[in-house]
Each structure stands twice: as structure tokens, then as C-alpha cells.
Amino acid sequence: MPDAALPARVCKVPGAPEVKFRKATAELGLAATADFKPLATTVRAADLDGDEYPDVISTVGVGTRDTATARFKFVLMNRPDPSDATKRILVDATAASGLLATTDGVGGRGFGSVNLGDIDNDGDLDALLCSPDPVAPDGTVFMLNDGHGVFTQAPDPQPMAAGRWTCHTATLLDYDRDGILDLWPGTYGTKPLLFHGFGDGAFENVAAAMGLPDRPGTPQTHQSYRRNFGVSACDLDGDGDQDVLLANYGREANQVWRNDGDHFTEIGQQVGVAFDDRMDYSTDESYRCFCEANVGMCPSTVPPSSGMIMCPIRGWVAGESDQPWRLGGNNFSLTCGDIDDDGDMDLMSATIRHADVGTAADPSELILNDTPAGQPLTKFRRPGVVASGLDRPQTGLFWNLGDMMPVFADLDGDGRKEIYLTSSDYPDDHGWVWRQGEDGKFVDVTVASGAGHAQIHGVALVDLDLDGDLDLLAGTSTARSVAPTQALEGYINEGGAAQNWTRIRLVGRGQGGSNRSAIGARVAVTAGGRTQVQEVSGGGGHGSMQHDVVLTFGLGAACDIDKIEVRWPDAAATRTEYTGVRANYRILITEGAGLTYPTAP
């Protein structure tokens, strides 16, 4: 783009970057009143009505219908604050959105998770509504957006046509890069599903044709159906298409389904994502109880049980509980992102851990991709929580960590991604915030950040006020409490906007090119001697979280963007490059039409 066409140069001279949030639930319009009490366990955010401001869909993970006295789903539109036009609030538009309409006319549609993407390629974001309840009256459906945030059910009876199925998590992707979004739902102990989209809300199950198992194998061969708690998609091997990750519960092996074009191949154990290499179960209290009750069946070096917990605790089955395929983690999510800025997608797991299970249980940890560019995917590296700075020392035999979802996001605007980890399942859990230093190591800044919300289950990190940094919407879960609640809370980022930034929205050509919402696109931004990479996501993780299809990059002290490179999710993995781009503007890049600055900074 020639200089004459560029907008004015905007340059900030920021101070030291800081991860700093201010609780603003009431300020954002989310305070409970007699008539309005917004709830959430999971949250997703994106622009539903075309005004550039991200809106919100929050849910409590149940498949039952809403009633006049019991609400579980909320559609909240981002609007100017009537008392201060410089601020934004979230306004309840659930009824007007049509998202809860049902074919029987009763309303209150039952669903738990939501994924957002342009299903029919008409330029707005549609919604996949997943029901976790097999007896829920509404099932799993696609709802099409009219461009103004009003939804109607897709005319086809959608993927349920071949039989009733459920999901509590899902991801939207374009696995065959035909420019039309497809669907991979999470399944719990049943065969995996993959639906090919036709672009009008109709889908076809192609799981068997794409190499997914149609009959259960055995855990020993890593071919059993798993209890999938989180599904996500990203390009792990750098070949231009999206691979799929399944985070599995019950210490079952995670799965990595590599996209080989005309089929998927499961390589989780091969690349070291299925479980870690720690197989010493001698610290497991259940194993020690087993040894005490079965004298002579264990090595004499096994210590006695602690006596602090009554045997037999969780139980131990010799020949099964001691096998690698039963020594993984209680996984809830695997997240993708280039955490170390080396140009490839790394991972982080979120698992539940209990003190009595011992050291063999996989922790929530970074799983780094060190594959050289252009080479076949190799084994991921687990540096360990101590080396990474993610260690959370615990003492005694009664602690629990109920981690749900990790997020990679630049929270202070310095160009390096932080880690936000939700942890909600136990009374003392809270959100964890680790800031990434220049050396790549992480430091716990949870308390100082002001964002360590208690018992936080799902989040959306999204720029609510379009000031260039990521704000926080938090859904909570206190299911183990005496009086469970699922509040929706909001936090405003007060640290990131002091730095330079860019926000990039991609629009694909649709069928024959890239899907209109550009899910699966990879964007690399080079500024100030650093290249950052992000991919556009179709949502995923436990309960399907989604952080907008618009990408926000912090640039630190860099006032100019040297280069933006987009790799489109079309059949040819087409690359487009833009140099000399202005910072501190919202940018629109349209496939085949170039880069524009549609709005003021």
C-alpha cells in the first residue's frame, strides 16, 4: 500500500508492560438485579450484528430448556452505555436474538456449548448449539444469523439426521479446505464424529470415510473410544490444514488426529501428546493400599500408605491401573498457540489432579512443538512445570487442582503471550495468570493482575471496548459448593492499551476459496524485531470457549508493523503479504481484495 493511502501514523511511547485488570461487572451491565441475573459456566464472544464490537453468548452447561424462572443461556449485545457514550455495556437480547426459539413453539431451547462461524458464507457468524443431554427436547442444531444478531434454525434437520447424538464440546473447522465450514463434535465414550458441511446448514457424517474408527478398539492399542472432554483444531504440522486434538478424561490417552488431506491419522502417542513419560506410580496411595492388602504382589520397596486417607481410596487393578495407557491425566482441554514465537503451534493441557494419585498423573503443562520448518511432525517436548515457571507447590494429601481450560493470549500488550488457566472444580480453585518474560519463562502474577477470579470455569479474552487490549469475561462454576452458583463476571484490561497494537479481521471468499469467517487462517505479524503467529479458531476446549474470530496482537514499543503475512485456509494454502502497515488501527484483510483500514484508531 503506498504511503499516500496510509492513515496517519499513531505511535505510543509506553512504559513497562503490566498485566492489570479491574473488575467491572456492574460497569459492563452484568450486575444481577431483580429482573436480570446473567449466569455462565462457559463464555464465547464475537461480533454478531456487524458493528465490530464483540457480543457475548454465555451458557450454564445443561441441556434443559429455559423457563421464565430458570434461565441458563444469555445473548448479550455490546452497546454504548446510555449514561456515558465513551463506555460500553452488555445488554440482554436473548429473547430478540431468536437463539432460544424451538420448533414446537415453546421456546427456551436447551443446549450447553456454542461455536460461532459463518456456516452459510453470507458474511456473518452463525451458531452451532450443542446439547449434552440425550433426552433434551431440542438436540444439536445450527442457527443461521441474519447479520443483525437474529437467528433462525437451519432448514435442514442438521447432523442429527442419522440418529440422535449429543455433544458438550465441539470445534468448527474446514478440514478439506473447500471454503465451507465442517464440524467435529466431542463424543463421550462413543465413536468419533466428523460432519462435512454443504454451506446451507446441512451436514453429512463422513467420520468413517475419513479414517475415524467405527468400532471400538482396546485401550492397550490406543484405539478405544474415549471420554472426550475437550476438542480443538489447529495446524500442528504446518501443512496448511487443521489437525484435531481430543483431550480425554479418566487418565485415558489424549488423541492427535493428523489431517492427511483425504483421511485422518491418530498420532497422539507417537508425538508425545497422549500422555507424558512419567510412569512411576509408587507414590499413588491407591497402589500402596493395594500392596498392603496383597502382600507379595508388589516390590518390597513400595512404601506403606500414608494412613491419612482410608484405604482402598480409588481402587487399583493390577495389569490395568499400572499400564501407560492408564497413567495419563484427567484432561479437560488442550489449547493450541505459538507460545514461544518460533512459528509453529505449541500446546498446553488442563487436567484435574489429586494429591493422593501421586506423581504419575499428568499435570497441566506446556507441550512444545520443536519440529523444524518443513519437516514431518516430531515428538513434542514437555519442559516441565518447574522449568517453565508454572509450578504450583502443594502440600499434604488433600489438595486438588481442578484445571479446565488454558488460554494463550498477550494480556499486557508487549508482544509475548501470557497463560490464563481456568481452575474451577474445587472450593479453593481460581484463575491462574502467568506472565511471560523476555527469557520465555513464566512468572505467576495472579494476585497482582487482579484477574484471579475464584472458581472460574470458562473465559473469553476479547477486546470489548476496541481499545487494543484483551478484556476478560469469566464464567464460574461452584458445583461442589453447598450453594452452587454460575455467575458471569467482567474485567477491564488496564495494562495492555498503553502499548501499541493491531486488530486484524480476515474475510474469506467462501466456497472455492477460504470460508468467510477465515477459521483456520494463520496470521504472522512482524514488528519491533519479533514475529508473532496466531490462528483463527472455530472454538473448542471444555464446553467450547471462543475468543473472537478477530485477532488482537500487542506490539509493545513498536510503532510500525514491518509485515503481515496471511496463510489462507483455501485448497492452495495461498499466502498474501503486506508491508509497511500502520499500528494502532483495526485492519480488514479480504481474500483477493487486500488490506484496508476501515475505522479510525
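All values derive from a computational prediction rather than experimental measurement.
Taking 4.0 Å as the cut-off between side-chain N and carboxylate O, Arg88 and Asp471 do not count as a salt-bridged pair. Using a 4.0 Å cut-off between charged nitrogen and carboxylate oxygen, Asp51 and Arg79 count as a salt-bridge pair. Salt-bridge annotation for Lys417 and Asp341: present, with a side-chain N of the basic residue lying under 4.0 Å from a carboxylate O of the acidic one. Ion pairing between Arg567 and Asp235 holds under the 4.0 Å rule for side-chain N and carboxylate O.
Ile564 is listed as a side-chain neighbour of Val523, based on a closest heavy-atom distance under 4.5 Å. Considering only heavy atoms from C-beta on, Pro185 stays 4.5 Å or farther from Thr140 through its side chain. Counting only heavy atoms from C-beta outward, the side chains of Asp425 and Met404 approach each other to under 4.5 Å. Looking at heavy atoms from C-beta onward, Cys336 lies in side-chain contact with Leu347 at the 4.5 angstrom threshold. In this structure, Arg435 and Asp414 have side chains that are in contact, with non-hydrogen atoms separated by less than 4.5 Å. Residues Ser333 and Pro406 meet the side-chain proximity criterion, which asks for heavy atoms closer than 4.5 Å. Looking at heavy atoms from C-beta onward, Leu555 lies in side-chain contact with Gln532 at the 4.5 angstrom threshold. Between Phe229 and His168 the shortest side-chain heavy-atom distance falls below 4.5 Å.
One N or O on the side chain of Thr102 and one on the backbone of Gly107 form a donor-acceptor pair closer than 3.5 Å. Looking only at distances, no side-chain donor or acceptor of Tyr597 sits under 3.5 Å from a matching main-chain atom of Val581. Panel note: side chain Arg516, backbone Gly508; a donor-acceptor pair is recorded below 3.5 Å. At distances below 3.5 Å, at least one donor-acceptor pair connects side-chain atoms of Asp126 with backbone N or O atoms of Ile119. No donor-acceptor pair closer than 3.5 Å links the side chain of Asn78 to the backbone N or O of Asp55. Judged by distance alone, the side chain of Thr446 and the main-chain N or O of Val433 form a donor-acceptor pair under 3.5 Å. At least one donor-acceptor pair closer than 3.5 Å links the side chain of Glu418 to the backbone N or O of Gln436. A side-chain donor-acceptor contact under 3.5 Å links Asn121 to the backbone of Gly179. Listed for the Glu565 side chain is no donor-acceptor partner under 3.5 Å among the backbone atoms of Ala524. No donor-acceptor pair closer than 3.5 Å links the side chain of Asp120 to the backbone N or O of Asp200.
Counted by atom type alone, Asp429 and Ser424 present zero donor-acceptor pairs between their side chains at under 3.5 Å. Looking only at atom types and distance, the side chain of Asp562 has no donor-acceptor partner in the side chain of Thr526 under 3.5 Å away. Looking only at atom types and distance, the side chain of Thr171 has no donor-acceptor partner in the side chain of Ser232 under 3.5 Å away.
Under the side-chain hydrogen bond (donor to acceptor under 3.5 Å, both in side chains) criterion, Thr33 pairs with no residue at all, not counting sequence neighbours. Remark: His457 engages His542 in a ring pair (Phe, Tyr, Trp, His ring centres under 6.0 Å) (not counting sequence neighbours). Judged as a side-chain hydrogen bond (donor to acceptor under 3.5 Å, both in side chains), and not counting sequence neighbours, the contacts of Arg522 are Glu535. Remark: Ala26 engages Ala31 in a side chain to side chain contact (heavy atoms under 4.5 Å, CB included) (not counting sequence neighbours). Thr590 meets the side-chain hydrogen bond (donor to acceptor under 3.5 Å, both in side chains) test with no other residue; sequence neighbours excluded. Taking Thr94 as the reference, Arg71, Asp92 meet the side-chain hydrogen bond (donor to acceptor under 3.5 Å, both in side chains) condition, with sequence neighbours excluded. Not a single ring pair (Phe, Tyr, Trp, His ring centres under 6.0 Å) links Trp568 to another residue, sequence neighbours left out. Listed by chain and residue number, His196 satisfy the ring pair (Phe, Tyr, Trp, His ring centres under 6.0 Å) test with Phe198 (two or more places apart in sequence, or in another chain).
From Cys130, atom SG reaches atom CG of Leu183 across 6.5 Å, with rounding to the nearest 0.5 Å. Here Ser113 contributes atom OG and Leu129 contributes atom CG; the two are 8.5 Å apart, rounded to the nearest 0.5 Å. Note: Leu461 CG to Leu472 CG = 5.5 Å, rounded to the nearest 0.5 Å. Summarising the geometry, atom CD belonging to Gln499 is positioned 6.5 Å from atom CG belonging to Asp412; distances are rounded to the nearest 0.5 Å. Considering CD of Gln242 and CG of Leu173, their distance stands at 5.0 Å, rounded to 0.5 Å. Between the CG atom in Asp403 and the CG atom in Leu421 there is a gap of 4.0 Å [rounded to 0.5 Å].
Applying the salt bridge (charged side-chain N to carboxylate O under 4.0 Å, His left out) test to every pair with at least one member in residues 486-501, sequence neighbours left out, gives these pairs: Arg22-Glu494, Lys23-Glu489. Pairs of residues two or more places apart, or lying in two chains, that qualify as side chain to side chain donor-acceptor pair (under 3.5 Å) and include a residue from residues 5-15 are Arg9-Asp560. The side chain to side chain donor-acceptor pair (under 3.5 Å) contacts involving residues 547-559 comprise Arg503-Thr552, where partners must be two or more places apart or lie in separate chains. Sorted by first and then second residue, the ring pair (Phe, Tyr, Trp, His ring centres under 6.0 Å) pairs involving residues 67-87 (not counting sequence neighbours) form an empty list.
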Run the side-chain contact (heavy atoms from CB on, under 4.5 Å) check on Ile456 and Tyr420 step by step: do they pass? CA-CA 11 Å; Ile456 184 168; Tyr420 194 102; 3.4 Å; yes
Between Val525 and Gln534, does the side-chain contact (heavy atoms from CB on, under 4.5 Å) criterion hold? Intermediate values first, please. CA-CA 9 Å; Val525 174; Gln534 294 186 43; over 6 Å; no
Intermediate values then yes/no, side-chain contact (heavy atoms from CB on, under 4.5 Å), Ser449 and Leu411: CA-CA 10 Å; Ser449 74; Leu411 302 180; over 6 Å; no
Given the rule in the side-chain contact (heavy atoms from CB on, under 4.5 Å) test, do Met77 and Leu48 qualify, once you have shown the distances and angles that lead to the verdict? CA-CA 8 Å; Met77 303 304 290; Leu48 301 178; 4.3 Å; yes
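Note on ring orientation: taking the six-membered ring where Trp is involved, the planes of Trp434 and Trp432 are parallel (angle under 30°, cut-offs 30° and 60°).
Among all heavy-atom pairs drawn from Leu464 and Tyr53, the shortest one is O-CD2, 3.4 Å. Residues Gly201 and Phe142 come closest through the heavy atom pair O-CD1, 4.3 Å. Between Ser544 and Thr169, the closest heavy-atom pair is OG-CA, 3.5 Å. When all heavy atoms of Leu30 and Gly490 are compared, the closest pair comes out as CD1-N, 4.1 Å.
Environment of CZ in Arg177: crowded, with over 12 heavy atoms of neighbouring residues, nucleotides or ligands closer than 6.0 Å.
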